[in-house]
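Working notes for the structure below.
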Amino acid sequence: MYQLKYIIPLLCVASISGAAEWSQFRGPNGSGVSSEKNLPVKWDATTNVRWKAVTTGRSVSSPVVYGNKVFLTSSSGSQNDRLHVYCFDLKTGKQLWHRQMTATGNTGCHPKSSMAAPSPCADERAVYCLFATADLATFDHDGNLLWYRSLTSDYPKISNQVGMASSPVVHNNTLVVPMDTVGESFVAALDTQYGKNIWKVSRPRMTNWVTPTIIQKKDGAEVLFTSSKEVVSYELNTGKVAWSIEQGASTISTTIINDNKAYVPISRNLVCLDLVKDQPTEVWKTSKLTSSSATPVILGDRIYAIGGAGTLSCGNLKTGKDLWTERIGRGKGQFWASPIAGDGKIYTFDDAGICTVIQPNDEGAEILSVNDMKAEIMGTPAIADGCLIIRTIDGLYCIGKK
């Protein structure tokens with residue numbers, strides 16, 4: 001039996017009107033696309049910065065936004081065992097609260113990573129923070145601890161050898177927690193009020209950094225997950241397998257759901273699956289739209305993928321036909337963060353802090369600006385309130401027109 005610690009039920013939830021929504025890794029259902037307009041094009045570490053906040057420790061997670069609050073995580077300490085959760089006012093950058101915890105799980109990871117590698121997710125109730133130590137803490141929007149679970153106490157065979165980075169996702173009253181490791185490996189659905197397991201399904205024992213994706217269907221939602229062994233979709237209510245494809249898929253890039261289709265990185269290809277029927281059917285596949293770690297992004301009737309060295313490829317969304325490939329990287333850094341899109345533009349970020357703004361067209365990529373943040377960027381930024389919320393390793397920037 002698992003141990004549930006510090007359970008505090010949330011008895012009253014205040015509604016949030018006009019809430020900005022970039023509430024999980026890569027925003028609305030992991031699409032990486034915002035409907036915001038009039039987004040910034042040119043900036044640097046001091047120009048067009050609405051506000052900047054300094055945080056403790058190192059972070060490669062992404063910021064998330066709900067209502068007028070920005071949530072983010074970091075880890076610090078000589079053993080990387082001090083875990084931090086921050087909340088900032090979206091309008092002013094004022095720190096509203098900061099909570100700290102001591103890690104209960106293994107803190108080993110790659111030097112480029114951090115215990116704050118999984119991104120938090122949020123809903124009208126709370127913000128849900130999973131760390132690479134398998135510590136899972138939930139706070140209400142005012143910073144009150146609602147519940148906490150040490151998953152390594154619940155499941156001692158969980159392993160963390162090079163650092164975990166899969167992010168949780170929340171749908172209605174269900175929190176999906178991915179925990180693929182070389183030790184005990186599973187995906188679990190937890191109720192958001194108390195943190196108790198609704199279901200828990202064993203997974204192949206292997207390292208995996210993929211964030212699950214929610215599929216909305218008429219008869220109920222599913223959660224799609226990939227690994228180097230398979231592509232599988234679980235019924236969100238029960239955990240039963242809805243369908244699966246026994247082909248090795250990406251262990252880093254996340255699947256995109258768009259217009260009843262799934263765009264899945266499978267066997268060094270990007271594959272488009274039609275989700276209308278119970279068992280998906282292949283629409284197209286291409287090897288021209290793959291990326292090493294970044295998830296592709298869809299803008300209009302085009303899909304874009306960026307490689308680790310900064311090669312941007314464009315394909316036709318309906319056919320998968322490759323239209324063009326251009327190198328946008330400046331040779332300074334690698335592209336770990338996923339591209340995001342809004343206002344008809346694509347934003348890319350490398351780990352040297354170079355942010356490139358692109359206006360795509362059928363002939364190629366028009367580079368509108370190259371912006372140097374002069375700080376390492378690993379996490380995928382957020383878009384909210386007409387701004388880019390950019391998480392550097394040790395700081396947070398709100399970039400917007402003044």
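Side chains included, hydrogens not; waters and symmetry mates left out as well; all remaining heavy atoms used.
Among residues two or more places apart in sequence or in another chain, the side chain to side chain contact (heavy atoms under 4.5 Å, CB included) test is passed with Asn237 by none. For Asp351, the salt bridge (Lys or Arg N to Asp or Glu O under 4.0 Å) test picks out Lys112, with sequence neighbours left out. Legend: residues meeting ring pair (Phe, Tyr, Trp, His ring centres under 6.0 Å) with Tyr347, ordered by chain and number and at least two apart, are absent. Shown here are the side chain to side chain contact (heavy atoms under 4.5 Å, CB included) partners of Thr92, two or more places apart in sequence or in another chain: Asp89, Lys94. Lys157 is linked by a side chain to side chain contact (heavy atoms under 4.5 Å, CB included) to Glu184, counting only residues two or more places apart in sequence or in another chain. Shown here are the side chain to side chain contact (heavy atoms under 4.5 Å, CB included) partners of Lys318, two or more places apart in sequence or in another chain: Asn316.
When each of Val170, Thr174, Leu224, Val169 is tested with Ile214 by the rule side chain to side chain contact (heavy atoms under 4.5 Å, CB included), just one qualifies, namely Val169.
A donor atom on one side chain and an acceptor atom on the other are not found under 3.5 Å apart for Ser61 and Ser119. Between Asn38 and Lys401, the side chains place a donor N or O and an acceptor N or O closer than 3.5 Å (distance only, hydrogens not considered). A donor-acceptor contact closer than 3.5 angstrom is absent between the side chains of Arg205 and Ser159.
A distance of 8.5 Å separates CG of Asn269 from CD1 of Ile266, quoted to the nearest 0.5 Å. A distance of 13.0 Å separates OH of Tyr304 from OG1 of Thr348, quoted to the nearest 0.5 Å. To the nearest 0.5 Å, atoms CZ (Arg268) and OG1 (Thr286) are separated by 15.0 Å. Rounding to the nearest 0.5 Å places CG of Leu289 at 5.5 Å from CG of Leu270.
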Compile the donor-acceptor pairs under 3.5 Å between side chains in residues 248-260 and protein atoms, sequence neighbours left out, one pair per line.
{"unit_1": "Ser250", "atom_1": "OG", "unit_2": "Ile252", "atom_2": "N", "d": "3.0"}
{"unit_1": "Ser250", "atom_1": "OG", "unit_2": "Ser253", "atom_2": "N", "d": "2.8"}
{"unit_1": "Ser253", "atom_1": "OG", "unit_2": "Ala294", "atom_2": "O", "d": "3.2"}

Acceptor/donor pairs from residues 272-281 side chains to any protein atom, 3.5 angstrom cut, sequence neighbours excluded:
{"unit_1": "Asp274", "atom_1": "OD1", "unit_2": "Val276", "atom_2": "N", "d": "2.9"}
{"unit_1": "Gln279", "atom_1": "NE2", "unit_2": "Ser244", "atom_2": "O", "d": "3.4"}

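Judged by distance alone, the side chain of Thr380 and the main-chain N or O of Ser338 form a donor-acceptor pair under 3.5 Å.
For the pair Lys321 and Lys288, the minimum side-chain heavy-atom distance is 4.5 Å or more. Within the 4.5 Å cutoff, no side-chain heavy atoms of Thr213 are placed close to those of Arg26.
Atom CH2 of Trp336 has 12 or fewer neighbouring heavy atoms from other residues, nucleotides or ligands inside a 6.0 Å radius. Under a cut-off of 6.0 angstrom, the local environment of NZ in Lys345 is crowded, with over 12 non-hydrogen atoms contributed by other residues, nucleotides or ligands. The environment of CZ in Arg327 is crowded: more than 12 heavy-atom neighbours from other residues, nucleotides or ligands sit within 6.0 Å.
The aromatic rings of Phe71 and His141 stand perpendicular to each other, their planes meeting at an angle above 60°, with 30° marking the opposite boundary.
For Trp97 and Phe139, the distance between ring centers is under 6.0 angstrom.
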**Message:** For a side chain to side chain contact (heavy atoms under 4.5 Å, CB included) check, start with the C-alpha distance between Trp199 and Val187, then their side-chain angles and the critical distance, and finish with the verdict.
**Reply:** CA-CA 9 Å; Trp199 52 261; Val187 59; 4.0 Å; yes
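Smallest separation of non-hydrogen atoms from Pro339 and Ile306: CD-CG2, 3.8 Å.
Sorted by first and then second residue, the salt bridge (charged side-chain N to carboxylate O under 4.0 Å, His left out) pairs with a member in residues 78-87 form an empty list; sequence neighbours excluded. For the salt bridge (charged side-chain N to carboxylate O under 4.0 Å, His left out) condition, the pairs that include at least one residue of residues 362-371, sequence neighbours left out, are Arg302-Asp362. Within the structure, salt bridge (charged side-chain N to carboxylate O under 4.0 Å, His left out) contacts touching residues 222-240 (residues at least two apart or in different chains) are Arg203-Glu230, Lys217-Glu222. Residue pairs meeting the salt bridge (charged side-chain N to carboxylate O under 4.0 Å, His left out) criterion with at least one member in residues 42-70, sequence neighbours excluded, are Arg50-Asp385, Arg58-Glu376, Lys69-Asp142.
A salt bridge between Asp123 and Arg125 is absent, with no side-chain N of the basic residue lying under 4.0 Å from a carboxylate O of the acidic one.
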